[in-house]
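Okay, structure first, notes after.
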Amino acid sequence: MSVNKEITRITTSTIQELKNRKEKIAMLTGYDYSIARALDEGGVEIILVGDSAANVFAGYETTLPMTLDNMIYHASAVVRGTKRAMVVVDLPFGAYQGDINDAYKAAVRVMKESGAHALKLEGGVEIIENIRKIVETGIPVCGHLGLTPQSIYKFGNFGVRAKEEAEAEKLKTDALALQEAGCFAVVLEKIPAKLAAEVSASLHIPTIGIGAGNGCDGQVLVVNDMLGLTKGFKPKFLRQYLNLYEEMTKAFGQYVADVKAVNYPNENEQY
Ligand code: KIV
């Protein structure tokens, strides 16, 4: 068997080292093999197989319909596309908030069947025993606080979270509880930058922000959003690196025109 010694897989230790030496962590979501290859080659350290696949891949309004089977399907495709990046998978809504043994079984299934390297769970003290059990099983867990999309019907909207003192205090308590339970990182979504910076400084594990300012130890975006694929979606925190929707529409239009004009395939494009 030949082993490529030049490519070293990013692990939770690498992620912790990045925080220790104050180098920011780059995370993006990914849902399929082709984009995972490009993310890996582009140097992204963590690929999050987010349940945002429900929105950007499947067209649902919320992430709630995502199933364990859906997540395993996306995650295994992403794992096959990577050599270096660490692949973190969201446990979907309903798979881990209840009975501790159900949470454990869901976690083990994703790890066994997808080949991913870690999981992400939304929530704080309410699910801490379930997180502890998964971590004790040997599975790295990333927490997720602030705007947690699986609770969208409780929040009622996608607005900024923890602007009020009581919610900010709860978030700080949750972050410390996640660290104490053994999480290797915590995603902070859509909270004030000042609060995110304070939480990041108070934890020894890294924080990864989305809409949480540059005081976090790393950043994450939904890949379809940063590529400009999600037409019409432009929250304040989002930087669009491409306008792929426009580029694709142009390419599709050109293809249609070429086929109609019998300009494709040409002589060099046939056998
Ligand atoms: O599902 C997802 O893509 C996420 C990110 C927004 C952090 O949880």
Side-chain angles (χ1 to χ4, degrees), residues 15 24-32 35-36 39 44-68 70-75 77-78 85-97 106 110 114 116 118-124 127 131 140-152 154-155 157-162 171 174-175 178 183-191 196 199-200 205-213 216-227 229-230 233-240:
I15 299 303
K24 299 285 184 182
I25 300 157
M27 180 178 187
L28 283 170
T29 68
Y31 316 101
D32 68 74
I35 291 191
L39 290 165
V44 168
E45 279 128 357
I46 308 177
I47 302 179
L48 171 65
V49 184
D51 59 357
S52 52
N55 311 118
V56 299
F57 187 88
Y60 289 113
E61 217 170 285
T62 74
T63 57
L64 274 65
M66 216 59 183
T67 66
L68 212 52
N70 293 155
M71 294 309 300
I72 290 167
Y73 171 78
H74 286 290
V78 168
M86 178 179 181
V87 178
V88 179
V89 185
D90 266 338
L91 277 191
F93 176 66
Y96 61 92
Q97 295 93 340
V110 174
S114 72
L119 302 174
K120 177 166 79 59
L121 278 67
E122 295 182 6
I127 58 158
I131 289 183
V141 172
C142 177
H144 184 158
L145 299 172
L147 178 66
T148 45
Q150 292 177 12
S151 304
I152 194 59
K154 184 176 84 181
F155 299 144
N157 60 61
F158 285 96
V160 178
R161 303 305 312 173
L171 190 141
D174 283 339
L178 290 173
C183 285
F184 73 93
V186 185
V187 165
L188 299 175
E189 180 164 354
K190 230 171 170 187
I191 62 170
V199 171
S200 305
I205 57 170
T207 60
I208 312 217
I210 172 162
C216 295
D217 302 302
Q219 298 294 326
V220 56
L221 285 174
V222 168
V223 73
N224 296 46
D225 297 342
M226 64 86 76
L227 291 176
L229 261 173
T230 38
F233 182 69
K234 186 70 184 77
K236 183 179 176 187
F237 69 80
L238 175 63
R239 186 175 296 176
Q240 260 185 12

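Every number for a ligand or one of its atoms is a count from 1 in the order of the listing. Residue numbers start at 1 and run along the sequence shown. Since the model is a prediction, treat every value here as computed from it, not as a measurement.
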Handout entry: Side chain, backbone, both or neither: the part of E122 lying under 4.0 Å from ligand 1 by heavy atom
Key = neither
Fill in the blank from the handout: Contacts of S52 meeting side-chain hydrogen bond (donor to acceptor under 3.5 Å, both in side chains) (sequence neighbours excluded), chain-then-number -> Y31
Completion exercise
For I210, the atoms of ligand 1 under 4.0 Å from one of its heavy atoms are 6 (C)
Fill in the blank from the handout: The protein heavy atom nearest to atom 8 (O) of ligand 1 is K120 NZ, 2.9 Å
Exercise for the section: May I ask you to test the F93-D51 pair for a side-chain heavy-atom distance under 4.5 Å? Expected result: no
Problem - Closest protein heavy atom (residue, atom, distance) for atom 5 (C) of ligand 1 - result: L48 CD2, 3.7 Å
Handout entry: Under 3.5 Å: donor-acceptor pair, side chain of T29, backbone of V223
Key = yes
Practice task
Could you list which atoms of ligand 1 come closer than 4.0 Å to a heavy atom of G50?
Solution key: 1 (O), 2 (C), 3 (O)
Handout entry: Nearest-contact summary for atom 3 (O) of ligand 1 - protein heavy atom, Å
Key = S52 OG, 2.5 Å
Problem - Check: S114 side chain, I72 main-chain N or O, donor-acceptor pair, under 3.5 Å - result: no
Practice task
Can you establish whether the number of heavy atoms outside F237 located under 6.0 Å from its atom CZ is more than 12?
Solution key: yes
Exercise for the section: Could you list which atoms of ligand 1 come closer than 4.0 Å to a heavy atom of D90? Expected result: 1 (O), 2 (C), 8 (O)
Fill in the blank from the handout: So the atoms of ligand 1 within less than 4.0 Å of a heavy atom of T29 turn out to be 3 (O)
Practice task
Return yes or no for this condition: an N or O of D51 is under 3.5 Å from an N or O of ligand 1.
Solution key: yes
Handout entry: Backbone N/O of L28 and side chain of Q219: donor-acceptor pair under 3.5 Å
Key = no
Handout entry: Listed partners of N70 passing side-chain hydrogen bond (donor to acceptor under 3.5 Å, both in side chains), at least two apart
Key = T67
